[in-house]
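In what follows, a single structure is set out as structure tokens and then discussed.
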Amino acid sequence: MASNYEPIKVVYNSIVEVTVSADGFQSIINTAAFLTLQQAEFFKSELLNAARKYEGRPVNYSNLWAMADDVQRLISKYKSVGWIVL
């Protein structure tokens, strides 16, 4: 997903902010949203793995929507086991 364009926020909520830019994929995780720092690190690792499948793809609505959907599924997964407390 590389090109010359302004950064695009894909997901922005109380748990994570995910942005795609010409420099690649960036995320800011609210560690306070998790029961432990270790769980936040697990989430970050899974988030980075999920983002890798979008590397090299064009930045278009379909790919951005799919990435946002993947992030929301990951958030739901962590909420379902009680690791996200927000």
Side-chain angles (χ1 to χ4, degrees):
M1 289 188 143
S3 171
N4 197 8
Y5 55 88
E6 293 296 315
I8 301 167
K9 282 194 195 302
V10 179
V11 175
Y12 180 77
N13 58 36
S14 61
I15 299 162
V16 65
E17 177 182 331
V18 177
T19 306
V20 175
S21 71
D23 296 329
F25 169 86
Q26 293 88 32
S27 65
I28 300 170
I29 297 171
N30 177 7
T31 56
F34 296 83
L35 287 175
T36 68
L37 185 57
Q38 183 179 20
Q39 291 164 342
E41 288 298 321
F42 287 145
F43 180 85
K44 181 178 182 178
S45 176
E46 283 197 62
L47 184 62
L48 292 174
N49 286 335
R52 283 193 183 109
K53 73 180 184 182
Y54 297 98
E55 290 177 1
R57 290 187 183 183
V59 177
N60 59 33
Y61 176 79
S62 178
N63 286 331
L64 293 174
W65 187 88
M67 179 185 278
D69 190 51
D70 286 349
V71 172
Q72 292 301 332
R73 287 174 197 251
L74 188 57
I75 289 170
S76 293
K77 173 184 168 184
Y78 275 71
K79 280 185 176 181
S80 72
V81 294
W83 283 15
I84 293 179
V85 293
L86 289 181

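Interatomic distance, CG of Asp70 versus CD of Glu46, reported as 11.5 Å (0.5 Å rounding). The CG atom of Leu74 lies 13.5 Å from the NZ atom of Lys44; values are rounded to the nearest 0.5 Å.
Residues Met67 and Tyr61 are members of separate hydrophobic clusters, defined by side-chain heavy-atom contacts under 4.5 angstrom among Ile, Leu, Val, Met, Phe, Trp and Tyr. Linking Ile, Leu, Val, Met, Phe, Trp and Tyr residues whenever their side-chain heavy atoms come within less than 4.5 Å places Val20 and Leu48 in a single cluster. In the hydrophobic clustering of ILVMFWY residues, with side-chain heavy atoms under 4.5 Å counting as a link, Val71 and Ile8 come out together.
Residues satisfying the ring-ring contact (aromatic ring centres under 6.0 Å, His included) criterion with Phe42, sequence neighbours excluded, are Trp83. Taking the side-chain contact (heavy atoms from CB on, under 4.5 Å) definition, one finds that Asn13 meets it with Val11, Ile15, Val16, Gln72, Ile75, sequence neighbours left out.
Residues Val10 and Phe25 are not in side-chain contact: their nearest non-hydrogen atoms beyond the backbone lie 4.5 Å or more apart. Residues Val81 and Lys77 have side chains not in contact (no heavy-atom distance under 4.5 Å, counting atoms from C-beta outward).
When every heavy atom of Leu86 is checked against every heavy atom of Lys79, the shortest pair comes out as O-CE, 3.9 Å.
Not a single donor-acceptor pair under 3.5 Å links the side chain of Tyr78 to the backbone N or O of Gln39.
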What side-chain donor-acceptor pairs closer than 3.5 Å can you find for residues 27-35, not counting sequence neighbours?
unit_1: Asn30; atom_1: OD1; unit_2: Ala32; atom_2: N; d: 3.1
unit_1: Asn30; atom_1: ND2; unit_2: Ser14; atom_2: O; d: 2.9

